[in-house]
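Per chain, numbering begins at 1; letters A, B, ... match sequence-line order.
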2 protein chains.
Amino acid sequence: MVETKKGVRDANATKARILDAAKGEFARLGLGGARVDEIAEKAKANKRMIYHYFGNKEELFKVVLEEAYLDIRGAELSLELEHLAPDEALKTLVRFTWNYYLENPAFIRLVNSENLHQARHIAESDRLVDASRKFTDLVGGILKRGEKDGVFRKGIDPVQLNITIAAIGYYYLTNRFTGAILFEREFMSKEALQERLEFNLDTVMRLVVA
Amino acid sequence: MVETKKGVRDANATKARILDAAKGEFARLGLGGARVDEIAEKAKANKRMIYHYFGNKEELFKVVLEEAYLDIRGAELSLELEHLAPDEALKTLVRFTWNYYLENPAFIRLVNSENLHQARHIAESDRLVDASRKFTDLVGGILKRGEKDGVFRKGIDPVQLNITIAAIGYYYLTNRFTGAILFEREFMSKEALQERLEFNLDTVMRLVVA
DNA sequence: TTATTAAGTAACTAACTAGTGCGTTACTTG
DNA sequence: CAAGTAACGCACTAGTTAGTTACTTAATAA
């Protein structure tokens, strides 16, 4: 939570508080379910400020989404996977992805909401496309190195692999509520989470191994 | 779409039209985004009838969800996988799951919406728990047979496997909108879909193989 | 000190939305 | 065929909701 003392006028701080509150509300209730009044209240800002700084609800949602994506893409790059052996790099990525989803529950909920709306809010964001391209290239590089070292089989599509790495973590976490009921199983205990991570690491390594 | 001639009074037909329209609207816009008036109009029924037959919006959502889940669980059971060799049974399940998601886009959207609301609408549905238990047992049985035949390695958790089979299809399809933008790739062309299915079959078979 | 600009507020509005009151119309059964 | 019951419809309400209007207050530069 962004906290700044009130009374003092500070445009940047107010913007940050609004973004923070909006992220929480959009994640919790989706674009349609979130309420502008509620966001303003949570941000300790006047609703008028939201319209002043962001134009309207959807534009605000755009900024929230873009920031969320840039954050994870930045974190992925800062793992410096190119300095690790291919198999370690891949394992690190699987672990990181899993932990990022766990520690940033807002992220997957925002992505879900954006997909419900057919991704029209990020449709023209060159910044996101650039960041994602770098990420795909990164994974492609790991696969190439592994292939050359003889530890990975060849011909693996980095995009398909990326999707799968995201999927096996993301799905478990977003659908944990229905999952817990239907499979009559605890999804969020320390042991359950650890077990799933191990299973996912295993899945990915079996998929790439030569 | 359920179609019945108007004017003639037919409670079952009206209920069916309402459920059908509700499924479409809830899938399209989520529980929060769907509008009761719109559902009534699409159902060619009076809004009053929705409240008459289903009580309120959330109860209607409950029925829609329960029907959607029972439908896929029923379809899975009618595959009669127990009559197939273990590896064929598993491949058939992966293909079926993929095709079901493709042909019933409402299903994954409804499940997403339900998880946004922490699964409170299916929380007490014994029918669903029973149906899911049968399904988990089915997959468990396939794994056991494969293990005995020496084609599958032992110790695979059927629940984790189920989750993974669902995940690698579900995630690709729900997140295809953001995916298409970020990965600069067509997700829904015939070729792309076929490629993903092959990749997923490969992923699952490599995961279980002895 | 004063004029200017930007930050911030409260009260409002027009459109919408879930849910209802109350009446009408058709089918069914004794 | 009469009377009861269930299907159906209109028009309303009470409460929301995104967005706006018109204003006050603080910071800043001349």
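- Listed by first and then second residue, the ring-ring contact (aromatic ring centres under 6.0 Å, His included) pairs that reach into residues 55-76 of chain B are B:F26-B:F61, B:F61-B:H121, B:Y69-B:F107, sequence neighbours excluded.
- Between B:N115 and A:T178, the side chains place a donor N or O and an acceptor N or O closer than 3.5 Å (distance only, hydrogens not considered).
- Applying the side chain to side chain donor-acceptor pair (under 3.5 Å) test to residues at least two apart or on different chains, the pairs with a partner in residues 89-105 of chain B are B:D71-B:Y100.
- Across the protein-nucleic acid pair, B:E38 atom CD and C:dC16 atom P stand 12 Å apart, rounded to whole Å.
- For B:T14, no side-chain nitrogen or oxygen approaches OP1 or OP2 of D:dA7 to under 4.0 Å.
- Pairs of residues two or more places apart, or lying in two chains, that qualify as salt bridge (Lys or Arg N to Asp or Glu O under 4.0 Å) and include a residue from residues 106-126 of chain B are B:E58-B:R120.
- Taking 4.5 Å as the limit, some side-chain heavy atom of B:N162 sits within range of a side-chain heavy atom of B:F135.
- The CG-P distance, from B:N12 to C:dC27, rounds to 15 Å in whole Å.
- Stems are defined here as 3 or more consecutive Watson-Crick or G-U wobble pairs with pairing distances under 3.5 Å; those involving DNA chain D are C:1-30 with D:1-30.
- B:Y51 meets the ring-ring contact (aromatic ring centres under 6.0 Å, His included) test with no other residue; sequence neighbours excluded.
- Partners of A:F199 by ring-ring contact (aromatic ring centres under 6.0 Å, His included), not counting sequence neighbours: none found.
- In this model, the phosphate group of C:dA6 is not approached by any side-chain N or O of A:Y53 to a distance below 4.0 Å at OP1 or OP2.
- Distance B:I18 CD1 to C:dA18 C1': 15 Å, rounded to the nearest Å.
- Between the CD atom of A:E41 and the P atom of C:dT9 there is a distance of 13 Å, given to the nearest Å.
- Contacts of B:F187 classified as ring-ring contact (aromatic ring centres under 6.0 Å, His included), with partners at least two apart in sequence or in another chain: B:Y172.
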All N/O pairs under 3.5 Å across the protein-nucleotides 17-21 of chain D interface:
unit_1, atom_1, unit_2, atom_2, d
D:dT17, OP1, A:R35, NE, 2.7
D:dA18, OP1, A:A34, O, 3.3
D:dA18, OP1, A:R35, NH1, 3.4
D:dA18, OP1, A:K57, NZ, 3.1
D:dA18, OP2, A:V36, N, 3.1
D:dA18, N7, A:K47, NZ, 3.3
D:dG19, OP2, A:Y51, OH, 3.2
D:dG19, OP2, A:K57, N, 3.1
D:dG19, N7, A:K47, NZ, 2.7
D:dG19, O6, A:K47, NZ, 2.4
D:dT21, O4, A:R48, NE, 3.1

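- Legend: residues meeting ring-ring contact (aromatic ring centres under 6.0 Å, His included) with B:F54, ordered by chain and number and at least two apart, are absent.
- Atoms CD1 (B:I39) and P (C:dG19) sit 11 Å apart, rounded to a whole Å.
- Residue A:F54 is classed as having no contact, given no heavy-atom separation below 4.0 Å to the nucleic acid.
- One atom, NE2 of B:H52, and another, P of C:dT25, lie 18 Å apart when rounded to the nearest Å.
- Between the C1' atom of C:dA10 and the CD1 atom of A:I50 lies a distance of 15 Å, rounded to the nearest Å.
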